[in-house]
Amino acid sequence: MKKIAALLAAVAMAVPAAANPEFQTPAPVAYMVDLSSNAVLYSKDADRRMPPASLAKMMTVYVVFDMIKKGQLSADKQFPVRPETWKKWNNQGSSMFLSVNENVSVDNLLKGIVTLSGNDACVVIAEGISGTEQAFTDRMNDEAKKLGLTNSHFGTSNGWPDGGVTYVSARDLATLAQATIREFPDLYKRYYALPNFTWGVRMNGSKIDQANRDPLLGNVAGADGLKTGHTDEAGYSFTGSAIQNGRRIIMVLAGLDSFGHRKEESIKFMNWGFGAWSAKPIVSKGKQVATADVQLGSSSTVGLIAADNLAVTVPSGSNPVMTSTVVYDGPLKAPIKAGDHIADLIVKTPGMTDQRFPLVAASDVGQAGFFGRAWVGLMQLFGG
């Protein structure tokens with residue numbers, strides 16, 4: 001890993017960093033990350049393995065989103081509600097109130113999972129995709145490994161208590177939420193912020209309309225997801241996200257003692273994230289931050305530029321001294337295309353975790369011609 005010192009004169013101000021703003025919560029587990037800078041704003045027992053309850057459904061949805069994006073599954077695809085599945089899950093905990101033998105589209109099942117937290121909807125979509133729920137959870141665990149969820153394992157598609165087979169951590173839930181938002185922005189927008197959804201019929205013939213349990217929707221500006229969870233074992237939990245002025249925050253709270261307490265703490269926590277912290281611009285889009293060495297290329301170096309406007313997250317009202325480093329696996333090998341992510345800018349701020357930003361190639365670098373490659377070979381041979 002090659003490192004280059006990078007000067008950020010605009011933010012390297014000779015003013016000591018403010019102490020991290022304090023936040024107190026009765027939640028046994030709490031975690032918050034600012035996706036605009038990848039700064040961890042709060043961490044309380046974030047790697048504890050805990051029962052996820054319905055937060056496990058985020059992984060079910062992630063798998064389905066991934067299949068839709070890859071063209072492996074259509075949102076219009078219909079899956080049947082098997083009699084044995086209906087018998088087991090009809091009105092068992094949170095429910096979409098599916099009917100036995102009805103055919104339901106993937107689109108509606110996703111709405112039933114995300115908005116209504118339907119345990120029945122999860123199993124129907126799992127069986128429809130993989131044949132059995134167990135086969136689908138194998139797929140969930142494969143995706144969890146790819147995402148680097150080191151403290152998570154899934155034994156059910158809906159998070160129903162299973163004696164400890166299924167567990168997650170707050171940090172893993174935030175990683176999963178981040179992946180969902182970044183990899184599937186259109187699907188995330190379509191499904192995660194619905195205020196309510198109607199499905200099923202009561203005994204008197206009236207339709208069943210249920211509200212989204214997300215405590216942030218309508219209460220925090222920019223809130224647009226993700227998922228609540230509750231069992232006696234897990235308590236009341238929530239993974240949520242909101243975006244304000246270009247800053248997206250993901251938060252996780254777990255183990256609270258009531259529905260109302262979860263709502264109160266979630267709103268307070270998210271408002272703290274936006275109020276106690278602010279974004280400080282450091283590099284404008286397209287600005288060159290450094291150069292990197294290139295091996296066997298038509299040029300011996302390539303410029304490293306910011307793909308977007310970059311801003312670090314700092315305590316509101318502070319002007320901390322920051323240091324920065326550019327890192328990449330080098331020397332880089334040609335060919336390189338303009339816009340390739342080939343390095344990272346790491347910014348260090350006293351009292352905070354490192355903030356990492358992607359840097360991309362400023363221009364194309366082709367492979368060196370025959371004589372160029374031969375010259376490099378001779379230089380290496382003679383230690384030049």
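Each residue takes its place number in the sequence, starting with 1. Just so it is clear, the values below take in all heavy atoms, side chains as well, and ignore hydrogens, waters and symmetry mates.
- Side-chain atoms of V168 and L176, non-hydrogen and from C-beta on, never get closer than 4.5 Å to each other.
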Chi angles and distances behind the side-chain contact (heavy atoms from CB on, under 4.5 Å) call for E102, W86: CA-CA 10 Å; E102 75 171 322; W86 180 87; over 6 Å; no

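- Proximity of a side-chain donor or acceptor of D107 to a complementary backbone N or O of D76 within less than 3.5 Å is not detected.
- One finds the CH2 atom of W199 at 10.5 Å from the CG atom of L116 (value rounded to the nearest 0.5 Å).
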Residue pair H153, V165: steps toward the side-chain contact (heavy atoms from CB on, under 4.5 Å) verdict: CA-CA 7 Å; H153 185 268; V165 174; 4.0 Å; yes

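- By the rule that hydrophobic residues join a cluster once side-chain heavy atoms approach within less than 4.5 Å of another member, L345 and M322 end up as members of one cluster.
- With R356 contributing its side chain and I346 its backbone, the two residues share no donor-acceptor pair below 3.5 Å.
- Put simply, the residue from D47, D45, T150 that forms a side chain to side chain donor-acceptor pair (under 3.5 Å) with R171 is D47.
- Tested against V283, the residues L310, L359, N309 include a single side chain to side chain contact (heavy atoms under 4.5 Å, CB included) partner, L310.
- Between D186 and R190 no salt bridge is recorded (no basic side-chain N to carboxylate O distance below 4.0 Å).
- Note that CG of L55 and CG of L173 are 5.5 Å apart. Values are rounded to the nearest 0.5 Å.
- Between D224 atom CG and K189 atom NZ the span is 9.5 Å, to the nearest 0.5 Å.
- T137 contributes no side-chain N or O that, together with a main-chain N or O of M140, makes up a donor-acceptor pair within less than 3.5 Å.
- Contact annotation: the side chain of T166 never approaches that of P51 to less than 4.5 Å [non-hydrogen atoms, C-beta and beyond].
- E133 places none of its side-chain heavy atoms less than 4.5 Å from the side chain of T85.
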Criterion side-chain contact (heavy atoms from CB on, under 4.5 Å) on L98 and V104, from CA distance to verdict: CA-CA 9 Å; L98 295 167; V104 189; 3.7 Å; yes

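- Counted by atom type alone, Y192 and D214 present zero donor-acceptor pairs between their side chains at under 3.5 Å.
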Verdict with reasoning, W277 to I249, per side-chain contact (heavy atoms from CB on, under 4.5 Å): CA-CA 11 Å; W277 302 86; I249 289 176; over 6 Å; no

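- Side-chain atoms of T180 never come within 3.5 Å of backbone atoms of Y62 as a donor-acceptor pair (strictly under, hydrogens ignored).
- No hydrogens or angles considered: nothing links the side chains of N151 and D172 as a donor-acceptor pair under 3.5 Å.
- Residues E84 and K87 are not paired through a salt bridge, judged by the lack of any N-O separation under 4.0 Å between the basic side chain and the carboxylate.
- Interatomic distance, E265 CD to S258 OG, rounded to the nearest 0.5 Å: 9.5 Å.
- Between F238 and M270 the shortest side-chain heavy-atom distance does not fall below 4.5 Å.
- Judged by distance alone, the side chain of R49 and the main-chain N or O of S152 form no donor-acceptor pair under 3.5 Å.
- Within a 6.0 Å radius of NZ in K44, more than 12 heavy atoms belonging to other residues, nucleotides or ligands are found.
- Using a 4.5 Å heavy-atom cutoff, the side chains of N158 and T60 are not in contact.
- Separation of atoms CE (M58) and CZ (F154) is listed at 8.5 Å; rounding is to 0.5 Å.
- Note: Y42 and W272 have perpendicular aromatic rings, judged against thresholds of 30 and 60 degrees for the angle between ring planes.
- Hydrophobic clustering, with ILVMFWY side chains joined whenever heavy atoms are under 4.5 angstrom apart, groups F274 together with L216.
- Residues Y188 and S241 have side chains in contact (heavy-atom distance under 4.5 Å, counting atoms from C-beta outward).
- Heavy atoms from other residues, nucleotides or ligands lying under 6.0 Å from NZ of K145 number 12 at most.
- Paired with K280 under the rule side chain to side chain donor-acceptor pair (under 3.5 Å), one option of T349, T313, N319 passes, and it is N319.
- Put simply, V220 and L256 are part of the same group of oily side chains (I, L, V, M, F, W, Y) that touch within less than 4.5 Å, one to the next.
- The distance from the CG atom of D364 to the CD1 atom of I336 is 9.5 Å, given to the nearest 0.5 Å.
- For the pair L253/F269, a side-chain contact is recorded, criterion being any heavy-atom separation below 4.5 Å from C-beta on.
- V312 places a side-chain heavy atom less than 4.5 Å from the side chain of F357.
- Between the side chains of T175 and Q178, not a single donor N or O lies within less than 3.5 Å of an accepting N or O.
- Note: the hydrophobic cluster containing L41 does not contain L35 (ILVMFWY, side chain heavy atoms under 4.5 Å, direct or indirect links).
- Under the 3.5 Å distance criterion, the side-chain polar atoms of E143 are left unmatched by any main-chain donor or acceptor of M59.
- Using modelled atom types, one side-chain atom of N212 and one backbone atom of L194 make a donor-acceptor pair closer than 3.5 Å.
- Each of F97 and W89 belongs to its own hydrophobic cluster when Ile, Leu, Val, Met, Phe, Trp and Tyr are linked at side-chain heavy-atom distances under 4.5 angstrom.
- Remark: the backbone N or O of S105 is not paired with any side-chain donor or acceptor of N108 at under 3.5 angstrom.
- The backbone N or O of S95 sits nowhere less than 3.5 Å from a side-chain atom of N119 that would complete a donor-acceptor pair.
- For the side chain to side chain donor-acceptor pair (under 3.5 Å) criterion with S117, the lone passing option out of R213, Q210, K57 is K57.
- In this structure, S266 contributes its side chain and K263 its backbone to no donor-acceptor pair below 3.5 Å.
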